[in-house]
Amino acid sequence: MVKLRLKRCGRKQLATYRIVAIDVESRREGRALREVGFYNPIKDQTSLNVPAILHLLEKGAQPTETVHDILAKARIFKQLQANL
């Protein structure tokens, strides 16, 4: 099963995250199948590859709770419903 989850990057106290598609059994810093976005909680910046995320969600990828909140804030799920 594929999940959309956060992969931690950056230094101590200055963490940034990459939103990646990764196999459920892989560890957090493991090899990602695909990198689909970037999230910086300190500056509240988000960069998303929307077509890639929509494709993965259509194929059955499940977002974690945090990634779900980030995608909901960017209104990705409304676009997904419009495509169906």
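Positions are given from 1 along the sequence.
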- Applying ring-ring contact (aromatic ring centres under 6.0 Å, His included) to Phe38 and not counting sequence neighbours gives none
- Assess whether side chain to side chain contact (heavy atoms under 4.5 Å, CB included) is satisfied between Ile22 and Arg5, documenting all intermediate values. CA-CA 7 Å; Ile22 195 166; Arg5 65 172 141 169; 2.9 Å; yes
- Item | Any residue meeting salt bridge (charged side-chain N to carboxylate O under 4.0 Å, His left out) with Arg18, in chain and number order, not counting sequence neighbours | Glu35
- Item | Pairs where residues 67-79 contributes a residue and the test salt bridge (charged side-chain N to carboxylate O under 4.0 Å, His left out) is met, not counting sequence neighbours | Asp44-Lys73
- Message: Does any part of the side chain of Pro63, heavy atoms only, come nearer than 4.5 Å to the side chain of Ile53, both counted from C-beta?
- Response: no
- Output the distance between atom CD1 (Ile19) and atom OG (Ser47), rounded to the nearest 0.5 Å. 8.5 Å
- Task: Please round to the nearest 0.5 Å and tell me the distance separating atom CG of Leu4 and atom CG of Leu71.
- Result: 6.5 Å
- Applying side-chain contact (heavy atoms from CB on, under 4.5 Å) to Val2 and not counting sequence neighbours gives Ala21, Leu33, Ala61
- Query: At their closest point, which heavy atom of Glu58 faces which heavy atom of Leu80, and how far apart are they?
  - Reply: CG-CD1, 3.6 Å
- Could I get the full list of ring-ring contact (aromatic ring centres under 6.0 Å, His included) partners for His68, not counting sequence neighbours? Phe77
- Task: Name all residues meeting the side-chain contact (heavy atoms from CB on, under 4.5 Å) criterion together with Ala15; count only those two or more places apart in sequence or in a different chain, and write none if there are none.
- Result: Arg8, Tyr17
- Query: Would you say Gln45 has more than 12 foreign heavy atoms packed within less than 6.0 Å of its CD?
  - Reply: yes
- Note on the structure: By side-chain contact (heavy atoms from CB on, under 4.5 Å), Gln13 pairs with (sequence neighbours left out) none
- Message: Please report the interatomic distance SG(Cys9) to CG(Leu14), rounded to the nearest 0.5 Å.
- Response: 13.0 Å
- Task: With Val20 as reference, evaluate Arg34, Lys7, Arg31 under the side chain to side chain contact (heavy atoms under 4.5 Å, CB included) test and give the passing residue.
- Result: Lys7
- Message: Pair Ile70, Thr46 - check side chain to side chain contact (heavy atoms under 4.5 Å, CB included), show working.
- Response: CA-CA 8 Å; Ile70 293 168; Thr46 306; 3.9 Å; yes
- Item | Set of residues satisfying salt bridge (charged side-chain N to carboxylate O under 4.0 Å, His left out) with respect to Lys59, sequence neighbours excluded | none
- Query: How far does CG of Leu48 sit from OH of Tyr39, to the nearest 0.5 angstrom?
  - Reply: 11.0 Å
